[in-house]
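Step one of this worksheet: look at the structure below.
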Amino acid sequence: MFAWLRRHPSATAYLLLAPGILYLALFYVWPTVGMFLVSLETGTIQTGYTQSWNFGVYPQVLGEYWGDFLNSILYGGAATLATFAIGFPLAWFVAFRGGRYKTLLLFLIIAPFFTSFILRTISWKIILADNGFLLGTLKDLGLLPDETRILATPVAVIAGITYNFLPFMTLPLYVALEKIPPSVLEAAQDLYADPLSRLRRVTLPLAMPGVIAGSLLTFIPAVGDFVNAELLGNPRTTMIGNVIQARFLKVSDYPTGAALAFILMAAILTGVLVYARLAGTEELYGARAG
Amino acid sequence: MTTTSRSIPQLGRRAFLRATAAGGAATFLAATRPGTILAAARPGAAAGAPAPAQDAPSGSFRMATWIGYIDVSDEMTYPSLDRFRDETGIEVDYQEVVEGNEEFFASDLRGPLEAGLETGWDVCVLTDWMVQRLSVLGWLESIDTSAMTSYPANLEDSYRTRAWDPENTIAAPWQSGMTGLGYDAAVTGELSSVGELFSDRWAGRLTWLSELNESAGMAAIYNGDDPSTLDQAGFDAALATLTAALDAGIPRRIAGNSYIEDMTTGDVVVAMAWSGDVLGLLVPDQRPDQDFRFTLPVEGGMLFTDNMVIPRGAQNKAAAERFIDWYYIPANAAQVEAYVNYVCPVKGAGEEIRKIDPALAENVLIFPTEEMRARSYDFVSVEPDVRAAWEAAFAETIGL
């Protein structure tokens, strides 16, 4: 065996890859193919589903649920921007001003995420309740009209997603910022760059790998999320994840659910490829020139 | 501590409400992953070995049901289940994991039953139409009534004429109830019309139920149609009514039992509600500034019956049947009824409940008047493929 491997060195790599490939084939490729086949079936839960190669389901569900796709992209996109707006200063502070408290600060960013995703989202219901701590107090102070509410609006859904995915943006940003040598920033300062141009022309370009990684890590799961829309939204803020979940678990309409899942996958894949093309794959993979 | 209902860290319904506060966490989890919270300490192997059919039933059995469907003591135990255990030696692993019929069907029944496996449940409490679906699919065990003394002997006459269960061997009714208006009168004042559920007066502070029968049924009543004879045109009109209200942003959420938490926090003041929930779950914990009430609208409301059924392959069918028979002893049913405030399907329970609290025997939500029965509608029973199409159309209407 070992002698054979010595004669065929390239086989060693494949052998080492085998467990991973087998795992992916079993738990990713096989179910994906299965799901694709399910999407082409027709029938009902009573009569059973039969394979009819119904490719027409794809344009049909896209026509019916384009609004939910739109919601997903809008809410996911807005949440990604919001996580960047919050996460960048946070990561910058930890990286450049954290000093010996860096580890503690990073731990504090992650700490809330040791609890369940669902419970964290439920907490937002308590915080944002119409007459709860936040809105109730503001209403009592006369700062908000009585009928104001945040829950059951798109704002609540976006806020929930933003909160739940914040570390996915902050941590890659931190890693990228932390790598920037202070000497580079000092050099910029020596060359009379004001703080804003230093940020715009030095820090931000050097942090791009983190920005790209963070936005992908946030946007991709955010688009498919259904928990925030379910708990914090209203019947008109449903995201495509809610529809997929309901089609599988409430209506038992598997072909529609599977077709929607495939369209979502294709849309995200296309989006990521375009993003990678625009942003450059080197940065996507975290490599840096020279 | 041998009682399953004690030893499992289950939450009683009030504790449940407190624990989830404004949330609906557990109901949400129950909908997505039944048992995640409530059945955290699920005992192994359907709790005990299968009972030999010829012997007296023993061991334990697992029961899946809805929140607020049994008596709960202040110590968060289930007194009637404890008494059942003491009298029969059978333990009940009682789990409040059903948040909706479709959800439970999809999460717990369809997969194993389609594959010819057992579901892990011995008794499931499900609504008429879902029972009919399971029956047509051949996924239910027949209830062996031959040795029973109370069931179906004490079954109220109105349940004996159900066309899909002439022998009463498919489903034993657990509770019936009415779907109507639940509201906080302290905010809304007295309400009586089904139109409140579609009124922009309560836009953003009102919830509907996620079950087709309830929401489409109430919309049909609002349209002046009879839900028990609804045809395709009537159903389409009901969906149009729902769509118009949704487009106007009237309902805040469309949910199962979790409307209870939204009403508790005050975010919701009018709800399409189940009769027993309001008196049994909301009123006991209301704040001084809240005044929860349930009204069967003057135009009418929906009537539903949830039944005990035994899914195919149940591990301890004999124990489940023993429980069904035991529940149909009027004094036992009365003990449950005195707490849950739903309509009791057991003959003679009225007299027994009078012994517990005479006022309860006069409670029209437990013992509705003839006039109330007349304006409580069943939802029309349609062919399975029509039902499937209606389910899909309803889901699409409510954005799913």
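Reminder, nothing fancy here: chain letters follow the sequence lines and each chain counts from 1.
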Whatever's closer than 4.5 Å to a heavy atom in chain B on A/Phe248 counts as backbone
With a 4.5 Å heavy-atom cut-off (strictly below), which parts of residues 54-63 of chain A touch chain B? List them by number.
none
For B/Asn101, which atoms come within 4.5 Å of any heavy atom of chain A: side chain, backbone, both, or neither?
neither
Counting only heavy atoms closer than 4.5 Å, note whether B/Phe394 contacts chain A via side chain, backbone, both or neither.
neither
For atom CH2 of A/Trp66, is the number of surrounding heavy atoms from other residues, nucleotides or ligands below 6.0 Å larger than 12?
no
Is the number of heavy atoms from other residues, nucleotides or ligands within 6.0 Å of CZ (A/Phe117) greater than 12?
yes
Could you look at B/Leu137 and say if it's the side chain, the backbone, both or neither that has a heavy atom under 4.5 Å from chain A?
side chain
Please classify the contact of A/Asn242 with chain B as side chain, backbone, both or neither, using a heavy-atom distance under 4.5 Å.
both
Would you check, one step at a time, whether the test side chain to side chain contact (heavy atoms under 4.5 Å, CB included) holds for B/Thr265 with A/Lys125?
CA-CA 10 Å; B/Thr265 60; A/Lys125 284 195 77 164; over 6 Å; no
With a 4.5 angstrom heavy-atom cut-off, which part of A/Ile244 approaches chain B: side chain, backbone, both or neither?
neither
Pick from B/Leu246, B/Ile398, B/Thr207, B/Val136: which one has the most heavy-atom pairs with chain A under 4.5 Å?
B/Leu246
Of all the residues in residues 383-392 of chain B, which have a heavy atom that comes within less than 4.5 Å of a heavy atom in chain A?
B/Pro384, B/Ala388, B/Glu391, B/Ala392
Between B/Pro251 and A/Pro235, which heavy-atom pair has the shortest distance, and what is it?
O-CD, 3.5 Å
Is there a donor-acceptor pair under 3.5 Å between the side chain of A/Arg247 and the backbone N or O of B/Leu400?
yes
Is a side-chain donor or acceptor of B/Asp267 paired with a backbone partner of A/Asp130 at a separation under 3.5 angstrom?
yes
Which heavy-atom pair separates A/Lys250 from B/Glu102 by the least distance, and what is that distance?
O-CB, 2.7 Å
A side-chain contact here means heavy atoms from C-beta on lying under 4.5 Å apart; do B/Arg253 and A/Glu230 qualify?
yes
For a side chain to side chain contact (heavy atoms under 4.5 Å, CB included) check, start with the C-alpha distance between A/Arg149 and B/Arg252, then their side-chain angles and the critical distance, and finish with the verdict.
CA-CA 11 Å; A/Arg149 68 184 161 94; B/Arg252 180 189 182 104; 3.5 Å; yes
Interatomic distance, B/Arg133 atom CZ to A/Ser252 atom OG [nearest 0.5 angstrom]:
6.0 Å
Nearest atoms (heavy-atom pairs only) where A/Thr238 meets B/Gly399
OG1-O, 3.1 Å
B/Phe292, CZ atom: more than 12 neighbouring heavy atoms under 6.0 Å
yes
Are any non-hydrogen side-chain atoms of A/Tyr65 and B/Glu396 less than 4.5 angstrom apart?
yes
